[in-house]
Structures are given as structure tokens and as C-alpha cells.
Amino acid sequence: MGAYARASGVCARGCLDSAGPWTMSRALRPPLPPLCFFLLLLAAAGARAGGYETCPTVQPNMLNVHLLPHTHDDVGWLKTVDQYFYGIKNDIQHAGVQYILDSVISALLADPTRRFIYVEIAFFSRWWHQQTNATQEVVRDLVRQGRLEFANGGWVMNDEAATHYGAIVDQMTLGLRFLEDTFGNDGRPRVAWHIDPFGHSREQASLFAQMGFDGFFFGRLDYQDKWVRMQKLEMEQVWRASTSLKPPTADLFTGVLPNGYNPPRNLCWDVLCVDQPLVEDPRSPEYNAKELVDYFLNVATAQGRYYRTNHTVMTMGSDFQYENANMWFKNLDKLIRLVNAQAKGSSVHVLYSTPACYLWELNKANLTWSVKHDDFFPYADGPHQFWTGYFSSRPALKRYERLSYNFLQVCNQLEALVGLAANVGPYGSGDSAPLNEAMAVLQHHDAVSGTSRQHVANDYARQLAAGWGPCELNISICPLSQTAARFQVIVYNPLGRKVNWMVRLPVSEGVFVVKDPNGRTVPSDVVIFPSSDSQAHPPELLFSASLPALGFSTYSVAQVPRWKPQARAPQPIPRRSWSPALTIENEHIRATFDPDTGLLMEIMNMNQQLLLPVRQTFFWYNASIGDNESDQASGAYIFRPNQQKPLPVSRWAQIHLVKTPLVQEVHQNFSAWCSQVVRLYPGQRHLELEWSVGPIPVGDTWGKEVISRFDTPLETKGRFYTDSNGREILERRRDYRPTWKLNQTEPVAGNYYPVNTRIYITDGNMQLTVLTDRSQGGSSLRDGSLELMVHRRLLKDDGRGVSEPLMENGSGAWVRGRHLVLLDTAQAAAAGHRLLAEQEVLAPQVVLAPGGGAAYNLGAPPRTQFSGLRRDLPPSVHLLTLASWGPEMVLLRLEHQFAVGEDSGRNLSAPVTLNLRDLFSTFTITRLQETTLVANQLREAASRLKWTTNTGPTPHQTPYQLDPANITLEPMEIRTFLASVQWKEVDG
């Protein structure tokens, strides 16, 4: 909530600072609806008539103050989604979204000049389905008249640091499809609205532009950045959000709101606020109309000085406000009437407005705007207050979310490949919609970010688990491998190209025979872990599976009776200073370990003859609980170590070695709560580091933030590189910001950036890249060094509203994850990290079935191998989306996954052309329509507002043509299609 929450005892993620209206801290949060309907196919939407024709009249020679009545309803934060929607647990936070929407609709009907914007479709869709037909028609009229306007329109207002671009696109598609199906073109948002996320990514802006938004407004940016922008009149500019896509494809007009997303001080008229209502009866001893009007005029005039046009906005609302909308609107009505009735000479005109109408006036001003090329990370709301902790908070939930994205894409693909038959089979009915909704909820900026209360994080995990169940798609998934003598392993590959995948399954001890889809025996191994606890670490069966593109292979496993176990147990390696160096290697990589410390010492790329000393181990930062410089503590949002130098978990590791024909591993044990397996498989071009951390001990009363750090002699000149939401790469420079001179108050936390899938360092010749299996915070705090935060456990709250320390217990306390390490030449590195990141995010899905499980189609022998594609996609093309869109329609997104300049000597950054006519094996495309990224406008009819920039004119876009046999993808381009299809008969 905003500053006005104080009186009711709730000050959310940032009350307005007492210094005045130009600084901002944080505000309050809301619920979710599990909307189960998978709506019908999108009607072809024509070009919009502009969408701005319902905007109010402005005064050309006055300062127009656009009042934006709004509520910010978090889809979970201090309360669960359901608790927020229904208004339950108001002792935690007074918030009930269903009452907000009821009240707003009634208030809008009372006066035709009133306007309101709503954002979170997770809540709105739930409320909508509980309304009568008559109420729904009333709401449709309000939307048609532009008096109820949807901004953003995603299922949630997603986080921008810890979210993967594919999941962002999915959640926006879900929300915008509801609006399209419910309100048609009238309901389509023109403006993106991210008023609360804690920093803003360049890729998010690029995605918004490709979704068709005309502009973007947000509330939070670094306090130093904001001050500079105010002085330079750059609170609004054009964000050029891609270095690969040709302007204006990824250009997005972007505005910083003047007061975060709260009302100006003293002008909050909500039940949650304590400001005085406007009293205009001069006979009343409480009369304050003149004083408040004068104050408003002063605030408006002061605010307007920092913007370039004669228009400015005031966000009249905050977290979960408008439960009694009449309070707000009654006072705003008076304010508007009194200000506009001022005697001649007043230069201020005030009006009810919306973000889209404000944007429309900015566009009509026909100014030339400056251009931004970087992003808005990291975010600090004051000295020593860097919001870089949430990049890593709740790592178990972050991993569960990423796994669920992987699983959802598998479910979506199978539904699309098979059609309606995918949903009914011998094991029951299946449906991807619940998981789609749960995943959309997880993108909320207090969900995957890890910044909710513990019971809310548990509820997010519950929603994911509930979504997995219906998505099982008629296949028995049983824990058979440890109990059955015979079972089948079905491995599905969601990528558009063939992959080889090492399958690892827990088994009982023994010898096993594994056969491929053609009945041929394949090499296999059983490996025993170096642990006395066979239940926690059972033996594992390993075999390599060959998987066709967008398809599956079925392997049969049988335990051989009466054979003496041949499992490979790890051999302990004694620490002796005279021991020779320990190595693991395959045909591509050699990793060398120090025999004295047990630590990784050196990596060699044998193909390129590159040798790099690399020392990797674990450290921890002691979390600050406040000090003489600042009382700011580390917490769910904020990262603030109490000293720059981290402490080692251990200076050496106890190690065990495993070497078999199928795997080579070094097991490192650093402490009772930190261990790692460094692993190489045959043919693998990267080193796999599987780390296990937790429960982090805090009995010493020290909160700990644990990192994995790689130290090399590379001369990196203060530079390192991180991905933006899993797509384009941004250069980072230590203690530097591209657009202002940084006063660095936190040399560690102030240099942390979000790492969604990869981080790398390079000296221009050699490049060390580390890929992650979830979002983490990362940095390079000295040349040649690279670190990633893997876990954090803290004893104090950071004062941003959660009022609960990040002290995970239970399943979130112990975390296992993987870092994939690539060493290559700088020129060739992109091919490695791009393709490996794709395979990490969309990994094969392993399903177990009894040896003689029920056949899917009783009239045909079961298939043991299948591909949904007639030919593999080129390596530069990623199948981003294949999902059912209706009875005879699929949604298809194809993406060029290389950026300009990432050829890697293989021409991978070149445009690539595909023929979609006969690409898929299970259906024929009978009609193809290209749409915007979120499939709510036809591409040929879509248009966006045009903006003039100080970089000169943007090139004219080529005339649009669509030939299904000739689909060309430029670097980093995503093309989205709605395909009418006819399914073929599927056997087995």
C-alpha cells in the first residue's frame, strides 16, 4: 500500500518517503481466480479505429492533469490469491477484490464522466464469471464507452527479473485472450502498465512492443536515475529494446509515473487512508476546500515542470483501494469541479482520464523524444537499499516454476499434436488449462520473485501441483523404477530437433537390461552415491536416450534376476599433497581438480585447445541487520551484506570419484549443508555442476547468502554479461550505469543483476559461460570472477511490507540445482550457450509406465517412437509455442533464437526460411493467419502509434505478405500464427 496505509498499521513495500512526492518506497497487494475456461477461437480482429476516440476533451493552452483512478491488486503477497479475492484474513491486510470491483462498477454508473482502470485479469475473470448476465452487459457498456479501461491485460502484472520470456508471453496471452473473447476490440489494452515490479528489463519492453502496445508506464526506478531524469526532462522517452530487431519493431514509448503509483500526499480518499475529505461548505469548521485546491494546484504545477508536454498524470489509488469507491469518486468529483471553476488566469485543467488517453495526448504533441538502449536494473529506493536479493529469494519455488514451464509446454504440444483425442484416454481425462493458469499466477511480481509471505509461497506451490495433475495427459506416471522388475521409460523431447539425453532413474541394486525402441540393447550403468542413506540416495540407472524432434522414444528396462550387483560405487580420494592432479574428461572437455583442496582447478576445451585456470567453490555473505550507515537489513527484496568479502563455506572439499563408460563424476562435500557433483557425460560439451545447499545453519544468529563463485585470470576490464529474461544479452559494467554517474553505496549488492538463464565473462578471446536452471542473482565483483547466488536464509525483515524474515523451513530449506559451464572462444560461444539454454529450459520429459501398461489405442500396437515433425528445425529456430487454440485450431510461435553478431562461425545469425505447409506429421495446416505476439490482433491489420526519436527516422517496414511455404525469421524475431488444422489418424 502507499503512504496512506500507515494509519491502518500497514505500510507496504514502500510507503511514500517523507521527503516528498518524488521518492517512493512500496505499496499493498491481492488474489487470483482459477479461470478454467479455455476460450473459443479468436475472431479475426480488424485494425482498431485508433481506440482513443472515447478519450475526454483537454484544454490546449493549459496544464491538463489526468487523474487516473486505479487499484493495484497483487495476485498474492501477504495473503493468498483466494484470501485477497474474497476478503479473507483481513487481520493480515484489509483487502477484498470482489468488493472493489462491485463498488467501482456502481460508482462508474453514478456519473458518466468517471473513469477507472483495471489490470489483473486473474481477479477480474473470476469476478466476471460470478456476475449476472445483466451486470455483464452493464460492464460491457462501460468498456465500450472507455470508462472502464483495461491496462496491461495480463493474467498478472509479472515480475521482470525472475521471469522467463516464454512464461511472460504465455501469461499475457491468457489474460488478453480473456479480454478479446469477452469484450472484443473494445477491451484490448493500448498501454502496458507495470507500476510495482522492482526494476524493468529490456526484454520486457521488447515483448510489450511486439504485443502491439502503444506505450508503457511504470512506477519504480532507481532514486538516482529518477533525479537525473527529472533534471534532464527525460521522464518519458522511447525505449529501443532490441539490438537485433529493426526499429521500430521493439521500440516502446516509456513513461515514469511521477509518484510511483500512489496519489500525491494528502490526496488519498480511500477507506485505507487517513487524509481529510474535501469539505466545501464554508460554514463548516472543517472547511478546507480552498486550502486543498491551492495545494493541488501547487503539486500539479511542480510535477508538470519535470515533463515536456502540457499534460501530467496523477495516480489516484494504490494497493487494494476502492473497496468503497464512492469515497474516492465523491472527493475527486469535488476536486475536478472546484479546480476547473477557478477564476480566469488559472492555468490548470483537471479531468478524469486513463493511461491510454494520457498517452494519446503525448503522441499528438508531436515531439522528438530521446532513446534509451539499456535497462532499469538494479533498482534502489535509497542509499544502501538495492532490491537485488529477490533475484535469488526462494530458489526452490523458482525451480518449481521453471520445471512447470517445461512441463506445460510438453502438455500444450501433445494436445496440439493429437487434438481432442489427447484429452481422453485409458488413464482418464487431461487438460492443460489449470497448469496454464497456475503458471500465469506464478509470474506475478511477488510470486516467482520470492517476495511473498511463507504461507502464500506455499499456496503458489499448491497451485502448481494442482495444475500438474490434470496435465498428465492419459499416461500413467508411477514411481516404478525402484519397485518393478520390468517397466517402460517414455522420454518426450519438446524441442524441434533431435537430442541425445542421459536418463537417470532411481533403482534398487542389481543389473538391468535397457532396450531401445527397436528392441536393441543399449549401454547402461548403475551408480551408487557416496552416502550411507540408501533411501535418500538410492542407486541410479543411467542410459542414453536418442529422442526425435517434438516426439518420444520408449525404452524398456528389465532387471536381470540372480546376477550379482555390478553397481559402480564412488571411490574416496584421500587428501595427500603428493597426489597427482585428479581429472575427469571426455572427447571435448577435461576438468582438473586440486588434489590438496578437492576444488576445481582448471578446464580445458580440447577441440579448441583452450586451457583456463578456474577455481570454483562456495562462499556466503553475512546478511546485514543494519549498521551505523543505514538501518537497512537484507530481506526478501533487499540484498545487503555486512561486508564486501564473503566467507568460504570451506577451504577444501572431501571428494569421491566415479568413472564409468557413461559418466565421470567428482563428488565434493564442503560441509554438512553444502555439497556438489561435477559431472561429464560422453559427447557433452559442457561441465555440469550439480550443487546441494541447505538447510543453511543460522544458529550463530547470522543470516547467510550463499554463492557459487568462479575465479579465473581472464582480464575482463570490469565487464560481464547477463541475459534479459532468457533472450538478448546485455553488457554490465562494475560500478557503472550507462545513463547517469553512479554514486555506489553498496559495492556488492549494487553490482548484482538478474540472471535468468546465463551469465558470462570474456577477455575478447576466451569466454566462460555459466548457465542456470532457474533465475538467480549474479555478478562479477572483480576481473576474471563470476558469482551466482544459490540460496539465502535471513533472520530479519527488510522493511518492505512482508514483515516476515526469509527463513524458509520444510521443503524450501534444502535446494539442489545445476550450473552448466561452457568454455569456448568468444567468437563461437553463442552457439554453445544458445542451444544449451534452449535444451535446459525445455528438457525432455521422462514418464514411467508398467512393462505391460494399457495401450493408448486398443486397436493398434503401441508406438515406441514418434516425431511430430516431418523434418528437424534448423538450430537457429526455436519452437516457442505449439498449443491448442480451439476445436480445429492451434497457436504456433516460431523464434529465431540467435541475435545479430552471434554467427559462431556457422551462419547462425543469418535469416532462416521455413516451409510450414507440411512441417507437422499429425496435422495439415489448412489456413494460416499471422498475429501479434499475443495472438489478439492480425498482423496485417495491427498498427501502433508512431513516435519521432532523436536518432533519426526509423526505416519503413516492408509491405506485409504471408506465404506458409516461405516463412522467414530474422535474428531474434518471433512470429506468431493461428493455424486452422486437420488432424490425421494417429496410431498407437
Side-chain angles (χ1 to χ4, degrees), residues 399 403 406 477-492 499-516 521-547 553-561 563-573 584 586 591 654-669 675-684 686-693 773 814-820 839-840 843-851:
R399 178 59 181 156
L403 280 171
N406 188 344
I477 303 181
C478 305
L480 296 171
S481 59
Q482 289 176 271
T483 57
R486 304 176 66 88
F487 56 93
Q488 291 183 327
V489 183
I490 303 104
V491 191
Y492 178 84
V499 300
N500 293 314
W501 183 259
M502 189 64 72
V503 177
R504 297 182 71 117
L505 298 171
V507 293
S508 58
E509 289 193 26
V511 174
F512 295 83
V513 174
V514 181
K515 295 189 176 181
D516 69 11
T521 300
V522 298
S524 63
D525 261 323
V526 175
V527 174
I528 297 177
F529 282 84
S531 169
S532 57
D533 186 352
S534 61
Q535 283 193 323
H537 299 288
E540 288 192 349
L541 171 68
L542 275 68
F543 66 91
S544 180
S546 179
L547 310 174
S553 294
T554 301
Y555 288 77
S556 62
V557 178
Q559 189 169 18
V560 179
W563 280 24
K564 189 177 179 181
Q566 298 292 317
R568 318 293 182 112
Q571 301 301 311
I573 307 297
I584 57 175
N586 63 13
Q654 182 183 8
I655 59 176
H656 290 75
L657 176 66
V658 175
K659 281 196 177 184
T660 82
L662 293 186
V663 70
Q664 296 187 24
E665 296 177 341
V666 174
H667 293 244
Q668 300 172 308
N669 189 37
S675 62
Q676 182 170 259
V677 180
V678 183
R679 179 179 293 129
L680 265 180
Y681 294 119
Q684 186 172 282
H686 63 273
L687 195 61
E688 178 180 320
L689 280 59
E690 184 178 61
W691 46 267
S692 299
V693 174
D773 65 351
W814 178 82
V815 182
R816 176 180 288 174
R818 297 192 310 152
H819 288 148
L820 309 181
Q839 186 169 303
E840 178 65 22
Q845 187 71 40
V846 177
V847 176
L848 305 182

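Please read all numbers here as calculations on a predicted model, not as lab measurements.
Counting heavy atoms from C-beta on, the side chains of Y555 and V503 never come closer than 4.5 Å. Residues V847 and Y492 form no side-chain contact, since every pair of their non-hydrogen atoms from C-beta on lies 4.5 Å or further apart. Counting heavy atoms from C-beta on, the side chains of F487 and L505 come closer than 4.5 Å. For the pair P661 and D525, the minimum side-chain heavy-atom distance is below 4.5 Å. The closest side-chain heavy-atom distance from V489 to V846 is below 4.5 Å. Between V507 and P539 the shortest side-chain heavy-atom distance falls below 4.5 Å. The closest side-chain heavy-atom distance from V527 to V663 is below 4.5 Å.
Shortest non-hydrogen contact noted between P844 and V499 is CG-CG2, 4.3 Å. The two residues S481 and P506 make their nearest non-hydrogen contact at OG-O, 2.5 Å. Here the shortest heavy-atom pairing between I490 and A849 reads CD1-CB, 3.8 Å.
Rounding to the nearest 0.5 Å places CD of Q839 at 7.5 Å from NE2 of H686. Taken to the nearest 0.5 Å, the CD1 atom of I528 stands 11.0 Å off from the CD atom of E540. Interatomic distance, CG of L848 versus CG of L480, reported as 6.0 Å (0.5 Å rounding). For the atom pair H656 NE2 and S675 OG, the distance stands at 11.5 Å (nearest 0.5 Å). Residue M502 holds its CE atom at 8.5 Å from CD of Q684, rounded to the nearest 0.5 Å. With rounding to the nearest 0.5 angstrom, the CG atom of L820 is 10.5 Å from the CZ atom of R679.
The backbone N or O of Q654 sits nowhere less than 3.5 Å from a side-chain atom of N669 that would complete a donor-acceptor pair. Without hydrogens or angle criteria, S524 side chain to F543 main chain gives no donor-acceptor distance under 3.5 Å. Side-chain atoms of N586 never come within 3.5 Å of backbone atoms of L680 as a donor-acceptor pair (strictly under, hydrogens ignored). Checked by atom type and distance alone, the side chain of R399 pairs as donor or acceptor with a backbone atom of D773 at under 3.5 Å. The backbone N or O of E509 sits less than 3.5 Å from a side-chain atom of Q559, completing a donor-acceptor pair.
Residues that satisfy the side-chain hydrogen bond (donor to acceptor under 3.5 Å, both in side chains) test with S544, not counting sequence neighbours, are absent from this structure. Residues passing the side-chain hydrogen bond (donor to acceptor under 3.5 Å, both in side chains) test with R486, sequence neighbours excluded: none. With sequence neighbours excluded, the residues that form a ring pair (Phe, Tyr, Trp, His ring centres under 6.0 Å) with H819 are W691.
Of the residues V522, T521, L542, the one that meets the side chain to side chain contact (heavy atoms under 4.5 Å, CB included) test with V514 is V522.
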I would like to know whether V511 and V526 meet side chain to side chain contact (heavy atoms under 4.5 Å, CB included); could you show each step before the answer?
CA-CA 7 Å; V511 174; V526 175; over 6 Å; no

Trace of the side chain to side chain contact (heavy atoms under 4.5 Å, CB included) decision for V557 with L541:
CA-CA 10 Å; V557 178; L541 171 68; 3.7 Å; yes

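With salt bridges taken as basic N to acidic carboxylate O contacts below 4.0 Å, one links E665 and R504.
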